[in-house]
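For clarity, every value in this text was computed on a predicted model and none was experimentally measured.
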Amino acid sequence: MAQVTKDMIIGEILQIDAGVAPILMESGMHCLGYPSSQMESIEDACAVHGIDVDSLVQKLNDYLKNN
């Protein structure tokens, strides 16, 4: 099972399972379609959007564990 870490690039996370996209969008990352966002780490993106990275990483990993 793949696991998300704070330093992973968003594009890499989406390649693991595109089903994480709604989780990212619901968290406030509405720019997933922009090419530059694909090259940003989840930690950097959370900092820009004011999102708690630890909470988001946990949600993503819970999703991956259950799917």
Side-chain angles (χ1 to χ4, degrees):
M1 173 188 76
Q3 193 164 19
V4 174
T5 60
K6 291 188 235 187
D7 61 334
M8 290 178 76
I9 304 300
I10 292 175
E12 181 183 5
I13 297 167
L14 290 167
Q15 286 180 350
I16 292 170
D17 188 329
V20 301
I23 297 168
L24 295 170
M25 299 277 289
E26 290 168 8
S27 297
M29 294 186 190
H30 301 279
C31 55
L32 293 179
Y34 298 142
S36 61
S37 71
Q38 301 288 310
M39 300 304 296
E40 198 171 29
S41 74
I42 193 76
E43 187 169 31
D44 290 342
C46 284
V48 168
H49 293 285
I51 299 167
D52 179 356
V53 67
D54 294 317
S55 176
L56 181 56
V57 166
Q58 184 63 51
K59 285 180 189 176
L60 295 169
N61 285 324
D62 288 346
Y63 169 83
L64 292 173
K65 184 172 77 173
N66 293 315
N67 289 304

Engineer: Could you go through the side chain to side chain donor-acceptor pair (under 3.5 Å) check for Gln58 and Asp54 one step at a time?
Structural biologist: CA-CA 6 Å; Gln58 184 63 51; Asp54 294 317; over 6 Å; no
Engineer: Measuring from Glu43:CD to Ile10:CD1, what's the distance to the nearest 0.5 Å?
Structural biologist: 11.5 Å
Engineer: Find the distance between NZ (Lys59) and CG (Leu24) and round it off to the nearest 0.5 Å.
Structural biologist: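 Rounded to the nearest 0.5 Å, the NZ-CG separation comes to 10.5 Å.
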Engineer: Rounded at 0.5 Å granularity, tell me how far CD in Gln3 sits from CE in Met8.
Structural biologist: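 Taking CD in Gln3 and CE in Met8, the distance rounds to 9.5 Å.
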Engineer: Heavy atoms, side chains only, cut-off 4.5 Å: are Val20 and Leu14 in contact?
Structural biologist: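 Side chain of Val20 against side chain of Leu14, heavy atoms only: contact under 4.5 Å found.
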Engineer: Do Val53 and Met25 sit in the same hydrophobic cluster, where Ile, Leu, Val, Met, Phe, Trp and Tyr count as joined when their side-chain heavy atoms come under 4.5 Å apart?
Structural biologist: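 Linked within one cluster.
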Engineer: Could you tell me the separation between the CG atom of Asp44 and the CE atom of Met39, rounded to the nearest 0.5 Å?
Structural biologist: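 So the gap between those two atoms works out to 12.0 Å.
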Engineer: Looking at side-chain heavy atoms only, is the closest gap between Leu60 and Asp17 below 4.5 Å?
Structural biologist: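 Of all side-chain heavy-atom pairs linking Asp17 with Leu60, none is under 4.5 Å.
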Engineer: With rounding to the nearest 0.5 Å, note down the distance linking CD1 in Ile23 to CG in Leu64.
Structural biologist: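 If we round to the nearest 0.5 Å, Ile23:CD1 and Leu64:CG are 7.5 Å apart.
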Engineer: Test Leu56 against Val4 for side chain to side chain contact (heavy atoms under 4.5 Å, CB included), laying out the working first.
Structural biologist: CA-CA 10 Å; Leu56 181 56; Val4 174; over 6 Å; no
Engineer: Do you know which two heavy atoms are closest between Ile16 and Ala2, and how far apart they sit?
Structural biologist: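 For Ile16 versus Ala2, the nearest heavy atoms are CG2-CB, 3.5 Å.
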Engineer: On a heavy-atom basis, which atom in Cys46 and which in Met29 lie closest, and how many Å separate them?
Structural biologist: SG-CE, 3.6 Å
